[in-house]
Each structure stands twice: as C-alpha cells, then as structure tokens.
Amino acid sequence: MTEHLMNTYARLPVAFVRGEGAWLWDEAGKRYLDALSGVAVCGLGHAHPAVAQAVCQQAQTLIHTSNIYRMPMQERLAADLCQLSGLDQVFFCNSGAEANEAAIKLARLYGHEVRQVAEPKILVFDGSFHGRTLATLSATGNRKIQQGFEPLVSGFVRSPYNDLAAVEALARANPDIVAVLVEPVQGEGGVRLPSAGFLPGLRELCDRHGWLLMLDEVQTGMGRTGQFFGFQHYAGLRPDVMTLAKGLGNGVPIGALLARVEVARLFVPGKHGSTFGGGQLAIAAAQAVLDTMRAEQLPARAERTGASLRHKLRQRLAGILDVKEIRGQGLMLGIELGRPAASIVQRALDRGVLINVTAERVIRLLPPLIFTEEQADLLVETLGTLLEEGL
Ligand SMILES: *Cc1c(COP(=O)(O)O)cnc(C)c1O
C-alpha cells in the first residue's frame, strides 16, 4: 500500500526487516548481499554493534537539547573531524543537501564580506550532484533534476567536469566567481573520476583568483574512496571548505560543513542554524562511526578491497560485449555499459544482490567498507552471470 506516500521514488518490490554487516533479510527471510550500503551510507555495515550501542545508550540518556546550549559531544566530534581533515571548524546539520546549502551560503558571505563582490558566483560542474533543495539542485549539473522547478537559484557558473582549460576561460569571463564547488569523484553522475591533475589544478586556480575550493565529499567522504576524505589522495592538497553526510552517521541522519577558520569565522550568530543539526543522538552515532573507522583502519581496508574488487571485475567481465569500462576509487566503483542498464538492478535483486544503476548506463557499486573477499567474489560472479545473459 503506497497510495499514501508521495510518488518520489521508483521503489523496488522488496522490504528489508533486518541486517547484519553486508547482509540484509527481507520479510520472507530471503538473504541479500548489500553492495550499495543504502547509497554509501552504511559504511560499517548494518546493525554495527558500536553504532547500535552508542545510539541506544544516548537515547536512554539524552536525545536533544538544542544548539542554544553547549554540547561537549559536538565539540569533541568537531575536533576529531578537524584533526582528520586539516580544517578548523565545523557546522553540523542533517543531510548532504543541507551541508551544501550551508557551503553555498558561506561562499556568498565570503564573496560579500571578503572579496567585496556584489553578486558572488560559484563555479559548478556538468554531471555533478549536490542535492535537491532549491540552491543545491540549482548547483547540480543535471537538467532532469532541475526541470519543473524554475526559476532556479542564480549565481552559479557552469563548467565541463575535468577540464581545467574551460575553468580558466570561465575565470577570465567571470570576475564575480568567489568559489568552486566540486565532487572529488562524481557519484550520481556515473562514478566519474577526474584526471590526476584536475583537483590540484583547481586548487591552483583558486589560489590565483581568491576562490574558495569547496569539496562536496558527501559521497566520497568517510573512507569510501580508500582515504578518510577523497582529497587525501592528493599530496598536500587541502580544500577551504568540505561537506560530509552519507557515511558520517551510518544511517543516523547527520551532515557537516567544515571550513578553514578564515572562512568559517564569517558565520556569526544569526547567519545560519538548525534545530536538529548536531543533536546528541546523531553525534553519538557519528562519533561511534569515526572511532570505529579509525580503530579498524577502514579507509585503508576499503582501498585494498576496492583494488581487489576492480581487479576481479576486470578479469571476470573481460570480453563481455556490453562492458565498456570498469573504474573507481576505493569502494566507489562504476561499470560503464554500452547501453541503458536499469533492468539489471531487478535481476540482481532476484539473485539476492543489491546494486544500483546511475547515469543510465553505469552500474554503481558502493559496498560497505567491511566487505570481505568472499563477498566480493559472490558479487563479481553474480554480475558476471547477469552481464553474460545480456541487458
Ligand atoms: C547524496 C549526495 C548529496 C545529497 O545528500 P542528501 O543527504 O540526500 O541531501 C549531495 N552531494 C553528493 C555528492 C551526494 O552524493
């Protein structure tokens, strides 16, 4: 009975009732291998004992007080995130879109107050995804997501992804640009990896023009790509602003905006806020996630499992006509096919494996960071069989 739910999702005909690690069980007791993690959310897997315990304990102690009061738990998590990222200050919110919305507001403040620009612009990229609030869908580089919601929020300048020459040309034509918002790897856009020089090149352009480098690490952050944050694949590179969400709470809603203090200090009381953002329950979950990821070195594990999974996929899928490219970083993987691939999701589900297709023809794999080699083998074998059967 879905008639009382708004029709915003094309839902698959399955409901899960229980999970453990990389496994989920449906109402009939059938078991599924989860190679999607609720779209890069449950990096520690389902029902992780450390997260479950933190949430239970916190719920029995204190769920919410308000940002009107100090929260030592929030201060500690912020300090940990800053120590891990090299950034200085954190604002907590509840989702990726909210984190990006806050980043966009911060960039505009920077434009007005530091750069003295009357109408500050933010450079964004084709194929990007930044969320579904009005400002973040306006920043998103996908017409389908914007269609029907015009007038869009103004103040965005668009560039092709992975094309520094195009960015330089836009810089010359738009003296009002004050920031760049970019995903280190485009997720929804089809697991598109930039060339090695793209992010360092953007950093250089940002330094030269006085722009903020703002990384949307909502999907790439929290160990997903094999480093704690996607930008850490580039020696010496540091963003000015970074957003996190998805993997941060392992399923408990939490987002975060991080920034260098010179920028973060522009947010003074009255400029931004959130009723729920950084509440005790979500903070307890995120602290448990972070502590576990550090103790078990899950980013490094994701790097190893991801490399091995890519290798196994290349071997198993070699010679299959529809397979154009296998790519990825850590446990963020894409298999680009020669034609639309949506139907493979249901066929994988029938075989008890959860995968996703994005950008029409890219199979996207986002297994939990705790994925084992045996689980990787099962995933690869299932995909091999399905792709041999054809699309
Ligand atoms: C998922 C995603 C968002 C939006 O996050 P929500 O929590 O759904 O609002 C923003 N940016 C990127 C890169 C994402 O993958």
Side-chain angles (χ1 to χ4, degrees), residues 6 8-10 36-43 91-107 122-142 144-146 149 153 156 161-162 179-194 198-199 202 213-225 227-231 233 239 241-258 274 276-279 282 285-286 289 328-334 356-359 362 364-367:
M6 291 199 193
T8 46
Y9 309 102
L36 189 59
S37 312
V39 193
V41 168
C42 300
F91 172 84
F92 288 110
C93 52
N94 308 284
S95 68
E98 269 183 62
N100 286 332
E101 189 84 21
I104 291 164
K105 283 181 68 176
L106 190 59
I122 299 170
L123 190 80
V124 293
F125 294 94
D126 295 341
S128 66
F129 180 77
H130 299 298
R132 291 180 179 275
T133 63
L134 268 177
T136 58
L137 79 80
S138 300
T140 290
N142 179 344
K144 270 198 218 157
I145 284 170
Q146 300 168 335
F149 301 110
V153 172
F156 296 104
Y161 189 61
N162 204 17
V180 179
L181 177 62
V182 62
E183 296 157 88
V185 178
Q186 288 192 337
E188 305 304 304
V191 192
R192 287 170 70 199
L193 287 134
F198 184 59
L199 287 183
L202 281 183
L213 179 61
M214 308 203 295
L215 297 184
D216 179 348
E217 295 244 17
V218 168
Q219 191 161 150
T220 51
M222 300 311 289
R224 176 54 53 192
T225 68
Q227 293 280 348
F228 241 100
F229 308 110
F231 75 81
H233 289 281
V241 173
M242 170 173 77
T243 54
L244 297 173
K246 292 196 165 92
L248 183 53
N250 212 58
V252 178
I254 180 168
L257 166 72
L258 289 82
S274 164
F276 292 132
V289 169
Q329 201 173 40
L331 280 173
M332 186 169 180
L333 286 87
N356 174 246
V357 166
T358 189
V362 180
R364 180 169 50 159
L365 307 173
L366 299 163

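Remember, it's 1-based here, ligands and their atoms both numbered in the order they're listed. Being a predicted model, the structure only gives us computed values, none of them experimental.
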Contacts table for ligand 1: protein N or O within a distance under 3.5 Å of ligand N or O, distances only.
from, atom 1, to, atom 2, distance (Å)
ligand 1, 7 (O), G96, N, 2.8
ligand 1, 9 (O), A97, N, 2.8
ligand 1, 11 (N), F129, O, 3.3
ligand 1, 11 (N), D216, OD1, 3.3
ligand 1, 11 (N), D216, OD2, 2.8
ligand 1, 15 (O), Q219, NE2, 2.7
ligand 1, 15 (O), K246, NZ, 2.6

Residues at least two apart in sequence or cross-chain that pass ring pair (Phe, Tyr, Trp, His ring centres under 6.0 Å) with F228, listed by chain then number, are none
Quick check: do F198 and V182 have side-chain heavy atoms less than 4.5 Å from each other?
yes
Heavy-atom closest pair (A97 atom, G131 atom, distance to 0.1 Å) is CB-CA, 4.0 Å
Between Q219 and E188, is any side-chain donor less than 3.5 angstrom from a side-chain acceptor?
yes
Check for a donor-acceptor pair, side chain of D216 on one end and backbone N or O of T243 on the other, with a separation under 3.5 Å.
no
Flag side-chain contact, heavy atom, 4.5 Å: E183 against T220
no
